[in-house]
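Here's the structure we're looking at; comments come further down.
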Number of protein chains: 2
Amino acid sequence: MDDTQLLKGVLEGCVLSVISRGETYGYEILSVLMENGFDTLIEGTLYPVLTRLQKKGLIACRVGKSPLGPSRKYFSITPEGEAYLAAFTENYAKITQAARNILDNE
Amino acid sequence: MDDTQLLKGVLEGCVLSVISRGETYGYEILSVLMENGFDTLIEGTLYPVLTRLQKKGLIACRVGKSPLGPSRKYFSITPEGEAYLAAFTENYAKITQAARNILDNE
DNA sequence: AGAAACTACTTGACAATGCAAAGTAGCTGT
DNA sequence: ACAGCTACTTTGCATTGTCAAGTAGTTTCT
């Protein structure tokens with residue numbers, strides 16, 4: 001089974017949700033998502049998502065030093081991002097409800 | 001909000017699930033899905049899904065007359081389709097669990 | 001009979017997004 | 001100096017939903 005398609009769209013909302021908890025950076029977001037069940041997620045997938053979110057103005061970015069390793073890009077959510085996240089969560093609930101209606105009902 | 005991306009992959013499994021309940025045809029599948037919450041689904045999206053499922057051998061197809069209107073393509077699920085649906089359902093549960101972990105946890 | 005409305009399926013161009021695979025580079029410990 | 005970890009980037013690719021039409025058979029209303 002290939003779960004690639006199931007991830008579409010969901011990932012963007014989840015990344016935003018992680019950032020909404022407080023300023024963080026790519027590598028940390030990656031580990032949080034992987035620990036929570038997105039275990040096949042790779043950097044080449046995550047970083048473009050961050051770029052997209054930034055372009056849409058949903059997150060803000062600053063470069064800062066790391067206590068260990070190369071410097072990081074720290075992301076935080078914007079008011080637009082909060083609004084988008086709320087809309088996303090609602091929409092996601094609607095779709096999953098519809099899917100459950102169909103899949104559960106034999 | 002655009003729910004296009006959220007549909008990806010989910011739709012294929014849902015269509016298969018509807019067909020698994022018994023032989024049916026495109027137009028009917030469309031109305032079942034729309035009644036269950038996929039209210040923006042259109043024909044141009046559904047029919048390509050059916051073609052894909054058929055190409056993968058997950059559903060079988062026969063052409064038959066309709067009691068009203070033009071003739072229909074009747075679809076039924078194959079053993080491969082049943083197996084795929086089971087795998088899909090499991091995988092879907094896993095992804096939605098992961099997403100819930102992330103989205104619910106403030 | 002003619003027109004409109006409904007049933008039913010088809011097609012081509014398009015955009016969004018995840019993945020694979022590879023690269024660049026800083027830092028730490030041996 | 002070398003290995004291993006941290007951290008971000010880039011290019012090319014495949015999949016899939018949508019838009020916007022189009023083709024046709026059947027029924028109903030006038």
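Just so we're on the same page: letters track the sequence lines, and every chain starts at 1.
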Basic-acidic side-chain contact under 4.0 Å: Arg62(B), Glu23(B): yes

Using a heavy-atom cut-off of under 4.0 Å over every strand shown, decide if Leu50(B) touches base, sugar-phosphate, or nothing. nothing

Does Thr45(B) reach a base, just sugar-phosphate, or nothing at all? Heavy atoms under 4.0 Å. base

Testing dC19(D), dT17(C), dT9(D) for proximity to the side chain of Glu43(A), the answer is dT9(D)

Is there a donor-acceptor pair closer than 3.5 Å between any side-chain N or O of Thr45(B) and the backbone N or O of Leu41(B)? no

Rounded to the nearest Å, what distance is computed from the CG atom of residue Asp3(B) to the P atom of nucleotide dA15(C)? 19 Å

Rounded to whole Å, the CZ-C1' distance (Arg52(B) to dG17(D)) equals 8 Å

Heavy-atom distance under 4.5 Å between the side chains of Phe38(A) and Leu7(A), does that happen here? yes

Roughly how many Å is it from OH in Tyr74(B) to P in dC9(C), rounded to a whole number? 9 Å

Under 4.0 Å between a side-chain nitrogen and a carboxylate oxygen: does that hold for Asp3(B) and Lys8(B)? no

Selection from dT7(C), dG18(C), dA7(D) that lies nearest to any side-chain heavy atom of Ser66(A): dA7(D)

Quick check: on DNA chain C, is the nucleotide nearest Lys56(A) upstream (toward 5') of the one nearest Arg72(B), or the reverse? Name the residue that is more 5'. Arg72(B)

Say whether Tyr74(A) and Glu28(A), considering side chains only, have a donor N or O and an acceptor N or O under 3.5 Å apart. no

Let me know the distance between NZ of Lys55(A) and P of dT17(C), rounded to the nearest Å. 12 Å

Is Leu68(A) touching bases, backbone alone, or none of the nucleic acid, heavy atoms closer than 4.0 Å? sugar-phosphate

Look at the side-chain N and O atoms of Ser71(B) and state whether any lies under 4.0 Å from the OP1 or OP2 oxygen of dG25(D). no

Would one find a side-chain N or O of Tyr47(A) under 4.0 angstrom from OP1 or OP2 of dC8(D)? yes

Can you tell me if the side-chain N/O atoms of Lys73(A) get under 4.0 Å from OP1 or OP2 in dT9(D)? yes

To the nearest Å, how far apart are Leu30(A) CG and dC19(C) P? 11 Å

Mapping Pro70(A) and Thr51(A) to their closest nucleotides on DNA chain D, which lands nearer the 5' end? Pro70(A)

Counting the atoms with a prime plus P, OP1 and OP2 as sugar-phosphate, which does Gly44(B) contact under 4.0 Å by heavy atoms, base, sugar-phosphate, or nothing? base

How long is the line joining OH of Tyr27(B) and C1' of dA5(C), in whole Å? 10 Å

With a 4.0 Å cutoff (strictly under), does any side-chain N or O of Lys8(B) reach OP1 or OP2 of dT18(D)? no

